[in-house]
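Have a look at the structure below before the remarks.
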Amino acid sequence: CELAMSCHLRIASDNAKSISARLAGEEPPKMEDVESTLSELIDRTKKTVAYLKTLDPAKFEGAETRHIPFPYVPDTHLLGQEALFESYLPNFFFHVTTAYDILRNQGMPLGKADFIGALPLKPNENA
């Protein structure tokens, strides 16, 4: 079960860095895929986030029409917006949700707020 959770979190990491890099016109960095403990997976997640922070926002100009290779079908691509919304984001959330479910099933005290995070709530103007 721990192996399955590791695979799901690695795939989520790969999805995040891959689509972000490709939308920015770069090749995504490679990671070794050797993590097996929760601590190692947390480190991988931190490395992924650190990489995402290095991407120059200006490189995303025109990303919605950039050709993004579709790795599972040779010689095909999706446009950037299609790749993001129809492939990478759904795949990312599928794997994050599955890993989350595995952790909960194994007794990790996680709740909905751990998945969603803090909401940026603002007071109503008349409140």
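Please read these numbers as outputs of a predicted model, since none were measured by experiment. The analysis underlying the following values was restricted to heavy atoms, covering all of them including side chains, and did not include hydrogens, waters or symmetry mates.
Residue H95 holds its NE2 atom at 14.5 Å from CE of M5, rounded to the nearest 0.5 Å. If you take NE2 on H77 and CG on D75, they are separated by 11.5 Å, rounding to the nearest 0.5 Å. Between atom CD of residue E61 and atom CG of residue D56 there is a gap of 10.0 Å, rounded to the nearest 0.5 Å. Atom-to-atom distance recorded for T45:OG1 and R10:CZ is 11.5 Å, nearest 0.5 angstrom. Rounding to the nearest 0.5 angstrom, the gap separating the CG atom in D43 from the CD atom in E35 is 8.5 Å. Atom CG of D114 sits about 10.0 Å away from atom CE of M108, to the nearest 0.5 Å.
Residues F92 and I116 fall within the same hydrophobic cluster, defined by Ile, Leu, Val, Met, Phe, Trp and Tyr side chains chained together at heavy-atom separations under 4.5 Å. V49 is not connected to L55 by any chain of hydrophobic side-chain contacts under 4.5 Å among Ile, Leu, Val, Met, Phe, Trp and Tyr, and they are in different clusters. When the side chains of ILVMFWY residues are joined at heavy-atom separations under 4.5 Å, either directly or via intervening members, L9 and F93 end up in a single hydrophobic cluster. Linking ILVMFWY residues whenever their side-chain heavy atoms come closer than 4.5 Å, directly or via other members, leaves L52 and I11 in distinct clusters.
Y88 and P71 make their closest contact through OH-CD, 4.3 Å (heavy atoms, listed as atom of the first residue, atom of the second, distance). For the pair I68 and G80, the tightest heavy-atom approach, listed with the atom from each and the gap, is CG1-CA, 3.7 Å.
Applying the ring pair (Phe, Tyr, Trp, His ring centres under 6.0 Å) test to Y100 and every residue at least two apart in sequence or in another chain returns F115.
Remark: the backbone N or O of I102 is not paired with any side-chain donor or acceptor of Q106 at under 3.5 angstrom. Proximity of a side-chain donor or acceptor of T97 to a complementary backbone N or O of F94 within less than 3.5 Å is not detected. At least one donor-acceptor pair closer than 3.5 Å links the side chain of E82 to the backbone N or O of L79.
T48 and S13 are linked by a side-chain donor-acceptor pair at a separation below 3.5 angstrom, with hydrogens and angles left out of the test.
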Considering only distance and modelled atom types, tabulate donor-acceptor pairs under 3.5 Å from the side chains of residues 18-33, sequence neighbours left out.
| residue | atom | partner | partner atom | Å |
| --- | --- | --- | --- | --- |
| S18 | OG | D14 | O | 2.7 |
| S20 | OG | A16 | O | 2.7 |
| E26 | OE1 | Y51 | OH | 3.4 |
| E26 | OE2 | K59 | NZ | 2.9 |
| D33 | OD1 | R44 | NH1 | 2.8 |
| D33 | OD1 | R44 | NH2 | 3.1 |

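F70 belongs to a hydrophobic cluster whose remaining members, ordered by chain and number, are Y72, V73, L78; membership requires side-chain heavy atoms of ILVMFWY residues under 4.5 Å apart, directly or through intermediates.
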